[in-house]
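Notes to accompany the following structure.
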Amino acid sequence: MMKKYLLKSRLTLILFALSLASCVNLKSVGDFTASSIESIKNFEQIDYSFLQHCLDRCAEEAIRLYEIKRAQECTCALYEEADSVAQVFYNTIGGYFEGLGQLSQNELTTYSSEALIGALTSQEVGPLQIDARTASAFSSLSNTLLRASTDFYRRKKLAKYIEEANEPIQILLEKFEVIVSTNLKGELRFKRERLYAYYMDMKMSRTVISEYEKGQATADYYQALGEIKRKEMELEVFGKSLKEIAKGHQVLYDNRNELSVKSLQNLAKGYSSNIKVLISEFNKLNH
């Protein structure tokens, strides 16, 4: 009887220890997810947009031609639509990681179909090109998110959730990074070139005469240039964070059937740490 009791006690302790180990390692998955969500939300803090680019370009042209009107006359509909497309990426990627975090905590996913308004289709939207591969990835991930919320996924389906989502989330993260780091940053490059041309034209035409005016114009130029470079760095850092999130999720996918293994804890912590460093860099640029 005593032997049977001791055996039962040991079995209970073993199961308890395994449970603790699983919780600790799933906590590391949760920590990676939380860092990813915090980083993705920095999109809302980015101090530039496609619409802003269009309005800036319009205003700069009016200044160059010395046009004084009661209101700006800008055609920016395509640029507004490009911002809407970027917002769809943000909502969908953020929604996925919110669900991943909830599942790692053994909670029900609460993804709302309202986030799918303005679903992606293969098309050209102003400066953006959405190809069929990206549109298909969006559709696939959206279906996974909706299925997870309606089928009441819990922790036991975490591996399935990661497995179904990995390919489309990798595609969407890659495309989102291109939108931010290439397309949107490219608009800032044009802004920088227009700024240079404007001040060089001012210099060559001798619009400024006095030494004070020359000094003031030069100071204004470098102040505006510094602001553009700050925004470029902001976009670059955000893009780097998306790449780091993609790498971290690939590790989760590769280890999806062993999410409670000790070695995964250190890997997940490493990516969480890298993402937090980039969050800190972004915040320094943004304030």
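Note that these values count all heavy atoms, side chains included, but never hydrogens, waters or copies made by symmetry.
Listed by chain and number, the residues in a side-chain contact (heavy atoms from CB on, under 4.5 Å) with E174 are R133 (sequence neighbours excluded). A search for ring-ring contact (aromatic ring centres under 6.0 Å, His included) contacts involving F50 returns nothing, not counting sequence neighbours. D201 pairs by the side-chain hydrogen bond (donor to acceptor under 3.5 Å, both in side chains) definition with nothing, not counting sequence neighbours. Considering only residues two or more places apart in sequence or on other chains, R192 meets the side-chain hydrogen bond (donor to acceptor under 3.5 Å, both in side chains) condition with E232. By the side-chain contact (heavy atoms from CB on, under 4.5 Å) test, A246 is found to be paired with Q170, L173, residues two or more places apart in sequence or in another chain being considered. Not counting sequence neighbours, the partners of E61 by the side-chain contact (heavy atoms from CB on, under 4.5 Å) test are R64, L65. Taking the salt bridge (charged side-chain N to carboxylate O under 4.0 Å, His left out) definition, one finds that E244 meets it with nothing, sequence neighbours left out. Residues that satisfy the side-chain hydrogen bond (donor to acceptor under 3.5 Å, both in side chains) test with E44, not counting sequence neighbours, are Y90. The salt bridge (charged side-chain N to carboxylate O under 4.0 Å, His left out) test applied to D56 returns K191, not counting sequence neighbours. Under the side-chain contact (heavy atoms from CB on, under 4.5 Å) criterion, K240 pairs with E236, L278, sequence neighbours left out.
One finds the CG atom of L188 at 10.0 Å from the CD atom of Q52 (value rounded to the nearest 0.5 Å). Note that CD1 of I162 and CD of Q250 are 11.0 Å apart. Values are rounded to the nearest 0.5 Å. In this structure, CD1 in I169 is found 10.0 Å from OG1 in T144, a value given to the nearest 0.5 Å. One distance of note links OG of S280 with NZ of K284; it measures 4.0 Å at 0.5 Å rounding. For the atom pair CG (D47) and NZ (K231), the distance works out to 4.5 Å, reported to the nearest 0.5 Å. In this structure, E98 CD and I37 CD1 are separated by 4.0 Å, a value rounded to the nearest 0.5 Å.
A donor-acceptor pair under 3.5 Å links the side-chain atoms of S36 to the main chain of F32, judged by distance alone. Side chain of R256 to backbone of K160: no donor-acceptor contact under 3.5 angstrom is found. Not one N or O on the side chain of S136 forms a donor-acceptor pair closer than 3.5 Å with the backbone of A132. Of the possible polar contacts, one joining the S35 side chain to the D31 backbone as a donor-acceptor pair under 3.5 Å is found. In terms of modelled atom types and a separation under 3.5 Å, the side chain of S241 and the main chain of F238 share a donor-acceptor contact.
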Which side-chain N or O atoms in residues 219-226 pair as donor and acceptor under 3.5 Å with protein atoms at least two apart or in another chain?
residue	atom	partner	partner atom	Å
D220	OD1	Q216	NE2	3.0

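Within the 6.0 Å centre-distance limit, the rings of F176 and F43 are counted as a close aromatic pair.
Each of D254, N166, T33 was compared with H249 under the side-chain hydrogen bond (donor to acceptor under 3.5 Å, both in side chains) criterion, and only N166 meets it.
In the hydrophobic clustering of ILVMFWY residues, with side-chain heavy atoms under 4.5 Å counting as a link, L145 and Y253 come out together.
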**Request:** Show your reasoning for whether side chain to side chain contact (heavy atoms under 4.5 Å, CB included) applies to L252 and L100.
**Result:** CA-CA 11 Å; L252 294 185; L100 182 59; 4.2 Å; yes
**Asked** Step by step, would you call T134 with D131 a side-chain hydrogen bond (donor to acceptor under 3.5 Å, both in side chains)?
**Response** CA-CA 5 Å; T134 304; D131 57 21; 2.6 Å; yes
**Item:** Worked check of salt bridge (Lys or Arg N to Asp or Glu O under 4.0 Å) between R57 and E60
**Value:** CA-CA 5 Å; R57 185 182 63 183; E60 288 160 7; over 6 Å; no
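Inter-residue side-chain proximity for I40 and Y96 is flagged as unmet; no heavy-atom pair is nearer than 4.5 Å.
Surrounding CD of E167 are at most 12 heavy atoms belonging to other residues, nucleotides or ligands under 6.0 Å away.
Through side-chain heavy atoms spaced under 4.5 Å, either directly or across other Ile, Leu, Val, Met, Phe, Trp or Tyr residues, L51 is tied to L55.
At a cut-off of 3.5 Å, with distance as the only test, no side-chain donor of D83 or Q87 sits close to an acceptor on the other residue.
The two atoms that bring Y199 and A217 nearest to each other are CE2-O, 3.3 Å, heavy atoms only.
Disulfide check for C58/C76 fails, with the SG atoms at least 2.5 Å apart.
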